[in-house]
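A short write-up of the structure that comes next.
Proteins come first, then strands; the chains are lettered A, B, ... in the order of their sequence lines, and each starts at number 1.
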There are 2 protein chains.
Amino acid sequence: MSDSAPTLEDVARVAGVSRATVSRVINGIRNVDTEIQKVVRRAIEETGYAPNRAARSLVTRRTGAVALVVSGAGEPAEHVFGDPFFGRVVAGVVAVLRRHGSHPLLMLADTADARADVLAHLRQGGADGALLVSTLAEDPLPGMCVRAGVPAVLFARPNPPVPISYVDVAHRAGAALAADHLRARGCERLGTISGPLDVPASRERLDGFRDALRGHGPVPNEPGNFTHASGETAMARLLAAHPDLDGVFAANDLMAQGALGVLHREGRRVPDDVALVGFDDSSPARSCRPALTTVRQPVEDMGAELARLLLAHIDEPARPSVSVVFDPTLVVRESA
Amino acid sequence: MSDSAPTLEDVARVAGVSRATVSRVINGIRNVDTEIQKVVRRAIEETGYAPNRAARSLVTRRTGAVALVVSGAGEPAEHVFGDPFFGRVVAGVVAVLRRHGSHPLLMLADTADARADVLAHLRQGGADGALLVSTLAEDPLPGMCVRAGVPAVLFARPNPPVPISYVDVAHRAGAALAADHLRARGCERLGTISGPLDVPASRERLDGFRDALRGHGPVPNEPGNFTHASGETAMARLLAAHPDLDGVFAANDLMAQGALGVLHREGRRVPDDVALVGFDDSSPARSCRPALTTVRQPVEDMGAELARLLLAHIDEPARPSVSVVFDPTLVVRESA
DNA sequence: ATGCTACGGGAGAGCGCTCTCCGACTGGCC
DNA sequence: GGCCAGTCGGAGAGCGCTCTCCCGTAGCAT
């Protein structure tokens with residue numbers, strides 16, 4: 001045994017067979033005598049052999065890694081990674097990938113340079129494909145991937161529309177769920193705290209809410225940016241402009257939580273004076289007081305589907321792109 | 001140009017030089033005539049060349065990837081990934097790695113099989129080293145890495161002690177900060193909600209708290225397991241056994257948040273009747289009502305140091321292992 | 001003019017693996 | 001007994017890159 005790691009050659013010598021046979025045993029095992037298989041396996045054991053991934057990738061053109069790209073504006077990285085929502089996506093992704101022997105390679109695409117790096121990495125075969133999770137209103141990365149012929153799948157519909165597979169939730173239907181619930185519990189004067197209006201998902205949640213309420217008068221909205229703080233300011237503004245509000249729909253739980261704090265400070269009881277519905281069913285929703293009634297996205301399942309789609313596209317590059325839209329459900333807790 | 005991706009050879013042909021020269025230009029550029037460099041760069045541009053990472057790794061024995069291993073018991077993956085604490089570690093790690101052109105490869109080591117897979121991956125050169133973040137009381141993985149000669153760095157002190165570098169926070173000092181603060185604001189009857197007592201960090205926080213209070217009578221403790229729910233039950237028990245409690249130290253913010261809910265329900269005002277101090281300074285601490293006074297760990301910095309240490313160990317395998325311990329600080333908010 | 005160093009650039013040997021041939025051997029059937 | 005099909009295993013050609021030699025040329029001192 002030499003000083004460096006054992007190679008196929010070493011194992012073959014110990015087993016008294018050829019390199020090819022050892023390779024056959026390790027991989028698909030097309031047709032190798034069981035007796036020889038045993039001998040080879042013993043030799044592998046004995047030498048402590050571990051196949052070299054780089055050498056294998058060189059010929060198979062597969063790495064067993066997929067890029068998990070977080071595409072966002074220049075916001076601090078901890079924001080994205082610290083977001084439990086993203087964590088749930090990751091959990092779903094990992095659950096599928098690990099069964100397949102793959103792992104996600106975490107990458108940040110927060111600047112044009114970073115995007116170029118990500119694309120270069122992909123083109124260099126650093127990963128077999130990419131999962132793109134974007135917080136950007138308009139993201140050029142999906143288009144770049146398509147043009148470069150890199151298999152990629154998006155979380156959320158691509159904004160500059162490109163022929164690429166994606167998973168999403170039915171935003172309008174989810175918002176309608178919230179609207180119906182608020183109406184059903186007797187709320188008359190509703191308001192909303194939306195996300196940034198240039199983000200399609202925000203837009204759809206707002207439109208879905210308003211559509212469901214068509215014929216019941218205008219619904220005032222204050223846009224936030226999905227953060228706790230923006231929920232607070234939005235709620236304060238909404239309350240200032242419409243003191244008689246009795247129901248609020250926030251486009252995510254974090255903003256709802258912020259709104260909750262403001263309502264409390266202003267002496268409004270929730271849900272008695274003002275009913276509040278969030279979106280996401282993230283962990284804050286559960287730990288809030290009062291616990292948040294919210295529209296649940298099956299985020300883990302969506303993450304899992306994201307991974308499944310990518311693996312399919314990697315396996316079969318010519319596969320037509322599809323969109324998979326999940327239906328949200330209403331989780332009724334205390335706030336509405 | 002052939003149908004497949006251009007190779008060094010193609011670029012060399014276009015530039016009218018040898019493969020080696022193109023390689024030189026792309027990498028260290030040891031000594032190549034500037035004129036020729038220009039020609040080569042133009043050829044690279046022209047061919048749209050992207051170096052093949054696998055081929056490069058094969059000879060350099062470097063992948064530019066680092067395993068980020070989440071080592072935990074069989075708990076659901078979403079728990080770990082969804083934990084903002086982990087997200088902050090990742091943010092720190094990524095900040096350093098990206099400057100170095102590396103990326104973290106996310107791996108789960110929640111079972112013995114998974115641990116074996118992780119180790120195999122590392123031994124196969126799937127990553128240049130490993131960052132181990134463990135929630136386990138006793139984790140065999142660090143030892144496995146050391147034995148296999150895989151560069152690895154831990155977040156938190158290794159429990160079966162092994163010669164390996166790690167970063168950690170001064171738990172005892174942090175707990176003492178909490179104790180001193182509670183004493184200073186006049187609390188007399190203190191209690192604690194610790195983490196699992198077989199986890200070294202929990203132990204140290206508890207011991208540190210008690211040590212700082214030595215001579216002021218015994219400090220009752222109810223152990224939890226770092227979850228919201230366990231904080232609730234622990235607080236309820238503590239209150240049942242010691243109704244006259246006027247100060248509580250919880251070993252993390254999540255449990256503190258749970259405790260807060262129970263105190264509220266029991267009609268105790270915080271901080272007037274019972275003062276409460278948490279640990280971590282996680283986002284729940286900020287969004288709680290009342291906002292949590294807590295011991296802040298500089299988690300992002302710790303994550304960054306984690307990555308820096310690993311890169312150093314990869315560069316210089318013989319480098320002696322070290323431990324880097326960060327000092328926590330007290331963040332005073334409303335709860336104490 | 002000769003030798004020596006210095007440096008730019010090419011040739012070519014691998015890195016460790018997979019996979020396509022192709023040869024050898026076996027057994028069943030005419 | 002001969003032939004063909006079928007099965008098993010070996011030889012060897014790459015995959016695309018890096019890096020060590022080595023040669024050629026130029027610059028300088030002898």
Side-chain angles (χ1 to χ4, degrees), chain A residues 1-41 43-44 47-64 101 120-126 128, chain B residues 1-41 43-44 47-64 101 120-126 128:
Chain A
M1 200 181 292
S2 79
D3 52 344
S4 63
T7 72
L8 257 199
E9 191 71 51
D10 298 325
V11 178
R13 200 176 320 116
V14 170
V17 297
S18 77
R19 232 172 37 242
T21 303
V22 180
S23 179
R24 285 191 193 100
V25 171
I26 291 173
N27 305 323
I29 315 178
R30 220 178 17 199
N31 39 11
V32 178
D33 188 280
T34 36
E35 210 41 54
I36 293 195
Q37 283 194 35
K38 270 185 212 156
V39 174
V40 170
R41 286 191 201 291
I44 291 175
T47 52
Y49 172 72
N52 181 310
R53 266 182 120 87
R56 183 178 290 189
S57 299
L58 185 56
V59 33
T60 60
R61 271 127 208 299
R62 284 290 163 78
T63 66
H121 199 276
L122 254 10
R123 296 211 320 132
Q124 295 171 5
D128 300 333
Chain B
M1 201 180 294
S2 78
D3 52 344
S4 64
T7 73
L8 256 199
E9 190 71 52
D10 298 325
V11 179
R13 199 176 320 117
V14 171
V17 298
S18 78
R19 233 172 37 242
T21 302
V22 181
S23 180
R24 285 193 193 97
V25 172
I26 291 173
N27 305 323
I29 316 178
R30 220 179 15 199
N31 38 12
V32 178
D33 188 281
T34 36
E35 209 39 55
I36 294 196
Q37 283 194 35
K38 267 186 212 153
V39 174
V40 170
R41 287 191 200 291
I44 290 175
T47 52
Y49 171 72
N52 181 310
R53 264 181 123 87
R56 183 178 289 187
S57 298
L58 184 56
V59 32
T60 60
R61 270 122 209 303
R62 285 290 164 77
T63 66
H121 199 276
L122 255 8
R123 296 212 319 133
Q124 294 171 5
D128 300 333

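Rounded to whole Å, the distance from CD on A/Glu9 to P on C/dG16 is 10 Å. Rounded to whole angstrom, the span from the CD atom of A/Gln37 across to the P atom of D/dC8 amounts to 10 Å. The interatomic distance linking A/Arg19 (CZ) with D/dA11 (C1') rounds to 9 Å, in whole Å. Rounded to whole angstrom, the span from the CG atom of A/Asn27 across to the P atom of C/dT20 amounts to 12 Å. Atom NZ in A/Lys38 sits roughly 14 Å away from atom P in D/dG9 (whole-Å rounding). Atom pair A/Arg13:CZ and D/dG9:C1' shows a separation of 18 Å (rounding to whole Å applied). A straight line from CD of A/Glu35 to P of D/dG9 spans 11 Å, rounded to a whole angstrom. Distance B/Leu8 CG to C/dA13 P: 18 Å, rounded to the nearest Å.
Nearest to the side-chain atoms of B/Thr21 among the listed nucleotides C/dC17, C/dG9, D/dT18 stands C/dG9. Distance from the side chain of B/Ala20 is smallest for C/dG10 among the nucleotides C/dG10, D/dT18, C/dC19. With D/dC8, D/dC15, D/dC17 as the choices, the nucleotide that has an atom nearest any side-chain atom of B/Asn52 turns out to be D/dC17. Nearest nucleotide to the A/Leu58 side chain, out of C/dA13, C/dG16, C/dT18: C/dG16. Picking from D/dC8, C/dG9, C/dC17 the nucleotide with the shortest atom distance to the side chain of A/Asp33 gives D/dC8. Between D/dG12, C/dC15, D/dG9, one nucleotide has an atom nearer to the side chain of A/Arg24 than all others, and that is D/dG9. In the set D/dG16, D/dT18, C/dT18, D/dG16 carries the atom at the smallest distance from any side-chain atom of B/Ala55.
Distances shown here put a side-chain N or O of B/Ser18 below 4.0 Å from the OP1 or OP2 atom of C/dG10. Contact annotation: B/Ser23 does not reach the phosphate of D/dC17 (side-chain N/O to OP1 or OP2, under 4.0 Å).
Evaluation of atom-type donor-acceptor distances gives no pair under 3.5 Å for the side chain of A/Arg61 against the base of D/dG16.
Across all non-hydrogen atoms, the minimal contact from B/Thr63 to B/Gly126 is OG1-O, 4.0 Å. The two residues A/Ala54 and B/Leu58 have their closest heavy-atom pair at CB-N, 3.7 Å. Between B/Gly48 and A/Arg123 the shortest heavy-atom distance is O-NH2, 3.0 Å. A pairwise comparison of heavy atoms in B/Arg53 and B/Gly101 identifies NH2-O, 4.3 Å as the closest pair. Nearest heavy atoms, B/Pro6 versus B/Thr47: CG-O, 3.4 Å.
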Contacts under 3.5 Å, N or O only, protein and nucleotides 24-27 of chain C:
none

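Atom CZ of B/Arg56 is separated from atom CG of B/Leu8 by 8.5 Å, given to the nearest 0.5 angstrom.
Remark: of the listed residues B/Ile36, B/Asp33, B/Val39, B/Ile36 is the sole one forming a side-chain contact (heavy atoms from CB on, under 4.5 Å) with B/Thr21.
Projected onto DNA chain C by closest heavy-atom contact, A/Val59 and B/Ile36 fall at different nucleotides, the more 5' of which corresponds to B/Ile36.
Two residues are said to be in side-chain contact when any heavy atoms from C-beta on lie closer than 4.5 Å; B/Val11 and B/Ile26 fail this criterion.
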